[in-house]
Amino acid sequence: MGSLGKDAAAAAAAAERVVLAVNGARHEAAGVDPSTTLLEFLRARTPVRGPKLGCGEGGCGACVVLISKYDPATDEVTEFSASSCLTLVGSLNHCSVTTSEGIGNTRDGYHPVQQRLAGFHASQCGFCTPGMCMSIFSSLVKADKPGDHAPPPGFSKLTCSEAEHAVSGNLCRCTGYRPILDACKSFAADVDLEDLGLNSFWKKGTDRADVGKLPEYSSGSVCTFPEFLKSEIKGQMNDIPAAIAGEDGWYHPRSIQELHSLFDSNWFDENSVKIVASNTGAGVYKDQDLYDKYIDIKEIVELSVINRSSKGVEIGAAVSISKAIEVFSDGTPVFRKIASHLSKVASPFVRNTATVGGNVIMAQRLQFPSDIATVLLAAGSTVSIQTASKMLCLTLDEFLEQPPCDAKTILLSIFVPDWGSDNVIFETSRVAPRPFGNAVSYVNSAFLARTSGDGASGELIIEDICLAFGAYGVDHTTRARKVEEFLKGKSVSAPVILEAVRLLKDTIMPSEGTTHPEYRVSLAVSFLFSFLSSLGNNLIEPAKAIAPNGPCANGSMNGQVASKDLQIRSRQELVFNDEYKPVGKPITKSGAELQASGEAVYVDDIPAPKDCLYGAFIYSTHPHAHIKSVNFRSSLDSEKVIGVITAKDIPAGGKNVGAGINMLGTEALFGDPVSEFAGQNIGIVIAETQKYAYMAAKQAVIEYSTENLEPPILTIEDAIRQNSYFQIPPYFAPRPVGDFEQGMSQADHKILSGEVKLETQYYFYMETQTALAIPDEDNCITVYSSTQLPEIIQNVVADCLGIPYHNVRVITRRVGGGFGGKGMKSTHVACACAVAAFKLRRPVRMYLDRKTDMIMAGGRHPMKAKYSVGFKSDGTLTALHVDLGINAGISPDLSPMIPAATIASLKKYNWGALGFDIKLCKTNVSSKSAVRAPGDVQGSFIAEAIIEHVASALGADTNAVRRKNLHSVESLTQFYGDAAGDAPTYSLIDIFDKLASSPEYRSRAEAVERFNGGSRWKKRGISCVPITYEVALRPTPGKVSILNDGSIAVEVGGVELGQGLYTKVKQMTAFGLRELCPDADGLLDKVRVIQADTLSLIQGSLTGGSTTSESSCEAVRQSCAVLVERLKPIKEGLEAKSGAAAPWSALIAQAKMASVNLSAHAYWKPDPAFVKYINYGAAVSEVEIDVLTGATTILRSDLVYDCGQSLNPAVDLGQVEGAFVQGVGFFTNEDYATNADGLVVNDGTWTYKIPTVDTIPKQFNVELISSARDKKRVLSSKAYGEPPLLLAASVHCAMREAIRAARTDFSVNSPLTFQMDVPATMADVKELCGLDVVERHLQSLSSAAEVPAPPVA
């Protein structure tokens, strides 16, 4: 072979290898499956662990990395954030990837982003933190490109507004986002540092906030593209162009001609070949099978054009959405409106890679509810299409109307005409659960009108108009042509709009099966009304944007900023206590910087052992059926199956058990031979990678039979009809108070048939269920599990395998979010791994994909309460009876404990007498389990619903009724018994009065009333809600060991979930040993809390119920007391000899010489007379609802919570804020919907929406107060993890007040009394305000116009 041939062969070989830099190190993606994502490559083939798999859809941000590309022609590096879970590694040749470890780490030092996230207390469980870190870092890189002006020293060019948007696509379930935003804003050049919240850099209120106290930031300190890779790229510039085909399964055509030559190849099959530009579409339409070949079209020159001319802008189909926004932002008003709308599509890290053409093709081919197609259609866009035989130019409207195009039809470019600005009005609208984007629209619209003026009347005449609507439940964006024809040539008036609305309602017809169809139609009507009203006179009031009321408002508004666009502000008021230092200090959470850098090790970060296999569940989709067989479709995926583990593989002597506590009942690991609910595990498919296991499980075909089986019981109503119940053990059963009949006889008024319903809620821990089981010698097994219940997993795994408990070792270092979901639900995955590992004698790992996790998780208990209540004319309650139905699912799980918790929080008011009948319903759905504040949040809300019903019946102020019925010390004891505690600890009345009886509250309430009087389409509400929350203390072990060098290892029964348990334990250890070492802060650095290990520390019990931290701390304090007693004589001896304080190191050395036992273990048990106590708090929330759309903006929330003498105010503050925001999700937007068989259908980030930065309160104030000391509590501290979640009911109650104001305005039936269930979604709010409010308004205007004017005298 000649040299030319060798060069060509070398070039071809080089083309077959993907070379990329990861954190500056060279890597080759040789021999990887063509379908491998960047995330899979990073985690399997490099040391990187920072990017996490949170959803696999681009919807959570846990996997965000920075990708950099180099252009040797211009010597420029382009950087952008991206979802590594969607980006395919085969598309990244000669790219550089930077992860959280790459910008800072333990060895090289942490980056200021990581240090500030830690210092602002913005990391709890830490699973989302590396992704947050990279989103912030990417925003800084983008903002700090060399340009005109330099920011002030220590800051970036980022603005506060941009900082809020920087993490708009990142989800966090722990923090409530406020501290994350503060960390992000600390880089903004326009920030007022004094506005930032609690941090470890300066002491709020006493120290001056100064950028010099923050970790120093300077742009460009991280090299994002290494020189070696630049040299490699430059070295290949003059090489012979590589072949478009590579043996790695990837093809990279550079022209349309080359692409068509691939289409004409005999191997091209659209079922096994995937055409990709960025692969973000895989986040919506999941691959159902593996592909063995990929054609990457983003290097095709024709698809990357950006041409501007006087006629308009042409955008190539492979241009990213972010680039398109950049292009359109620099243009006419129509273009700028397009850019503004596109910036609400997806999230920053998806827009950076997703293409405009890909979005439009999904809309045309797959009925994707595209915003982009709607906006571009209304703007009169045309598209260029290349088919197999010819090139076509069509209007976008014509293209969308065509039958779905085939895989060989390529969208080349989109042309958007320049409409100028004269007499052209262009508006776009979308309504989605999240204002900043990262949510698909319920409906989107775009309207373009050309108008002319009528010289005689001064009115605008509509010359031409285009009305485009999308996402409302049809195949693609459509034009309302009948409405357009009707409006042409007309000036706008109320009768004209009313007729247009009637025509529109005949056009907008969601297809069967679309959720909330009436709501979607009403949104379309609202959009049209708003647009046409803006063309008429006096038809709609200007949108009033008044800031939240009160001195802590977001500054004075001038009417230019809508409430939803206000920046987030906050205030924290905390009490610090030095009495027990370092306990009581707001120190940074232990390991926060490690979490931010991505170096913290979670279960799925543990390196895979040799010969490790991977599992995925095959689950039933039928609620009650015999399993006849399980087979696999013939596919690339099914070839990857190594085996399937079923109930038959449970060892002899073992049991088919996957969860349970003996005294409550168990749940089967496998549905065998009958599946008892949709989502039940039928088997575990085993493969060589986690992806192969996921994909193979999708190929499973289950044959069912319902012969001789009763129909499934799915609802509370079904269970009551069938008498299908679990028994509530007597020791868990709540007790009634007083005589209900007597109480009702004393009532002046009675409500005999009230009702309220609460639906379920998914945990949405960022880390899904995961475990790794490693078989060991002598029938032993080690299980690494992300769990709140290591001890119970040990027991259940042993029972399942039929081996002694001491043969099972369960280890848990940290958990990536729990909220109760890593309790009983974690045992199934651990048992599944253990059975597979035991059978195959190889390590087996499982990490559930988000969909499977959501389908199997169960979640919070749905409840239905019917109530009868009696009350006096002055609002005093005399009696309450509640018939409560609780949907427990298929097994008891922890459900027998829920009734007592529900009634305990319901008892926050003095009902006079309280009776109840509770049905714990057994149904054919996944078992419901403990979710943060289980039972308590439902009971507390039921109490509020009843109070509001009473106030409505009396026409009284709701807060006055609340205040009148708060407990006295005597009635508190009557309702709660010993848990009521001593009188000085009852702080609820003081807390409630501080909020609801203050002059500020009264002025705010008056301002709300004034606002509502002057605003028709926006309404506000304000409400104050008190809470009580009873907690129980549990026995807990602790062990403290001092090592030879003086460092200290601590073990506790509790597990670190992000709640700061290990941080408080470290503080308590230093406090407990303070007699031996006066430098408590120095001692703090010597303490390490080590992972939970069921064979090292037994009787670890469970982590939950909000009291694990204080119980663990007390066990540690007792252990320290033992060590102090042993070491004190040695310390005194050393000091007597030297006449000076004995150094810690000398003391430990001497103790070792004297053979003193330097390890102490304690098993703390609470005083039998003080097992329970009550927590108190209250919250005021003010909201604004949009009557036209149902959207709710939380303007302000003020939380006051009694945390006793806080063990760590920073940790407690984070828990209060995080719990509140999780509660906001439950009450407003988290719709955990199922189909008719009980199978979860809102099963991912596309359909299940937890709160994000844009849905938290715009003003978020928290005050932690210290109530009277109580020596019976651990250093007078109180629980903090779950109780504040109940305060989120204040948002729901405020929404009710706002809806009441709207109903009064629009004369909806029964304006004061209506049932408002949980969650109150946007659709529910709109429905309660009235789906026809626009029509009502227009009819009233039309009627007024028809009334003849009185004759002139």
Side-chain angles (χ1 to χ4, degrees), residues 49 52 106 123-127 589-595 597-609 765 767 769-774 776 780-795 797 805-806 808-818 822-823 826-827 829-830 833-834 843 845 847 1036-1043 1047-1069 1086-1104 1108-1109 1111-1113 1115-1116 1119 1159 1161-1163:
R49 292 292 180 272
K52 312 288 187 198
T106 313
S123 181
Q124 289 185 22
C125 88
F127 200 81
K589 181 183 177 293
S590 175
E593 288 176 329
L594 206 65
Q595 291 171 181
S597 71
E599 296 169 287
V601 177
Y602 299 82
V603 171
D604 197 49
D605 298 329
I606 298 168
Y765 28 62
E767 171 200 45
Q769 301 286 359
T770 179
L772 166 64
I774 304 174
D776 205 345
C780 291
I781 193 164
T782 299
V783 179
Y784 294 90
S785 173
S786 178
T787 182
Q788 296 171 241
L789 310 174
E791 184 183 7
I792 289 175
I793 285 186
Q794 179 188 40
N795 301 352
V797 166
Y805 288 3
H806 69 211
V808 180
R809 184 183 188 192
V810 178
I811 295 173
T812 303
R813 181 180 290 180
R814 60 171 59 82
V815 172
K822 299 289 176 67
S826 66
T827 62
V829 178
C833 287
R845 164 175 261 156
Y847 184 83
T1036 308
K1039 183 179 178 184
V1040 179
S1041 304
I1042 305 172
L1043 307 185
S1047 59
I1048 303 162
V1050 181
E1051 294 176 76
V1052 289
V1055 173
E1056 177 60 58
L1057 314 170
Q1059 82 281 44
L1061 184 153
Y1062 283 6
T1063 309
K1064 290 184 173 181
V1065 164
K1066 284 181 71 169
Q1067 290 173 277
M1068 185 61 87
T1069 305
K1086 297 182 184 296
V1087 181
R1088 179 182 293 277
V1089 186
I1090 60 177
Q1091 61 197 18
D1093 182 335
T1094 55
L1095 292 185
S1096 178
L1097 192 71
I1098 66 164
Q1099 295 177 287
S1101 186
L1102 59 94
T1103 302
T1108 310
S1109 290
S1111 300
S1112 296
C1113 281
V1116 164
S1119 301
S1159 182
H1161 174 281
Y1163 186 65

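Here the structure is a predicted model, which means the values were calculated and not measured. Values below: every heavy atom of this structure, side chains too, minus hydrogens, waters and symmetry copies.
- Judged by distance alone, the side chains of Q1059 and S1109 never bring a donor and an acceptor atom under 3.5 Å apart.
- Take T1108 and apply the side chain to side chain contact (heavy atoms under 4.5 Å, CB included) test, not counting sequence neighbours, and it matches R1034, L1061, T1103, S1112.
- Between the OG1 atom of T1069 and the OH atom of Y1062 there is a distance of 12.0 Å, given to the nearest 0.5 Å.
- Using a 4.5 Å cut-off on side-chain heavy atoms (C-beta onward), R845 and I606 make contact.
- Residue A1115 comes nearest to A1162 through the heavy atom pair O-CB, 3.5 Å, listed as atom of the first residue, atom of the second, then distance.
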Practice problem: Evaluate side-chain contact (heavy atoms from CB on, under 4.5 Å) for V1040 paired with I1048, printing each intermediate quantity in order. | Solution: CA-CA 7 Å; V1040 179; I1048 303 162; 3.7 Å; yes
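- Note: Q788 CD to I793 CD1 = 10.0 Å, rounded to the nearest 0.5 Å.
- For the pair G1053 and L1097, the tightest heavy-atom approach, listed with the atom from each and the gap, is N-CD2, 3.7 Å.
- Residues satisfying the ring pair (Phe, Tyr, Trp, His ring centres under 6.0 Å) test with Y765, not counting sequence neighbours, are Y762, Y763.
- Rounding to the nearest 0.5 Å places NZ of K1039 at 4.5 Å from OG of S1159.
- For the pair Q1067/V1087, no side-chain contact is recorded, criterion being any heavy-atom separation below 4.5 Å from C-beta on.
- A pairwise comparison of heavy atoms in S786 and S826 identifies O-CB, 3.7 Å as the closest pair.
- Minimum interatomic distance between G816 and C125 (heavy atoms only, all atoms of both residues): C-SG, 3.5 Å.
- Between V1089 and S590 the shortest side-chain heavy-atom distance does not fall below 4.5 Å.
- A distance of 7.5 Å separates OG1 in T827 from CG in L789, rounded to the nearest 0.5 Å.
- A salt bridge does not link D604 with R49: none of the charged nitrogens is closer than 4.0 Å to a carboxylate oxygen.
- Nearest approach of P1037 to H1161, heavy atoms of both residues: CB-NE2, 4.1 Å.
- Remark: of the listed residues Q124, R813, K589, K589 is the sole one forming a side-chain contact (heavy atoms from CB on, under 4.5 Å) with E1056.
- Within a 6.0 Å radius of CD1 in I1098, other residues, nucleotides and ligands contribute 12 heavy atoms or fewer.
- Contact between T812 and P790 at its shortest, heavy atoms only, is OG1-CG, 4.0 Å.
- With a 4.5 Å cut-off on side-chain heavy atoms, E767 and R814 do not count as touching.
- In this structure the side chain of T106 reaches within 4.5 angstrom of the side chain of L594, judged on heavy atoms.
- In this structure, Q595 and Y602 have side chains that are in contact, with non-hydrogen atoms separated by less than 4.5 Å.
- Scanning for side chain to side chain contact (heavy atoms under 4.5 Å, CB included) contacts around I811 gives T782, Y784, R809, Q1091, D1093, with sequence neighbours left out.
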Exercise. Evaluate side-chain contact (heavy atoms from CB on, under 4.5 Å) for L1095 paired with Q794, printing each intermediate quantity in order.
Key: CA-CA 9 Å; L1095 292 185; Q794 179 188 40; 3.5 Å; yes
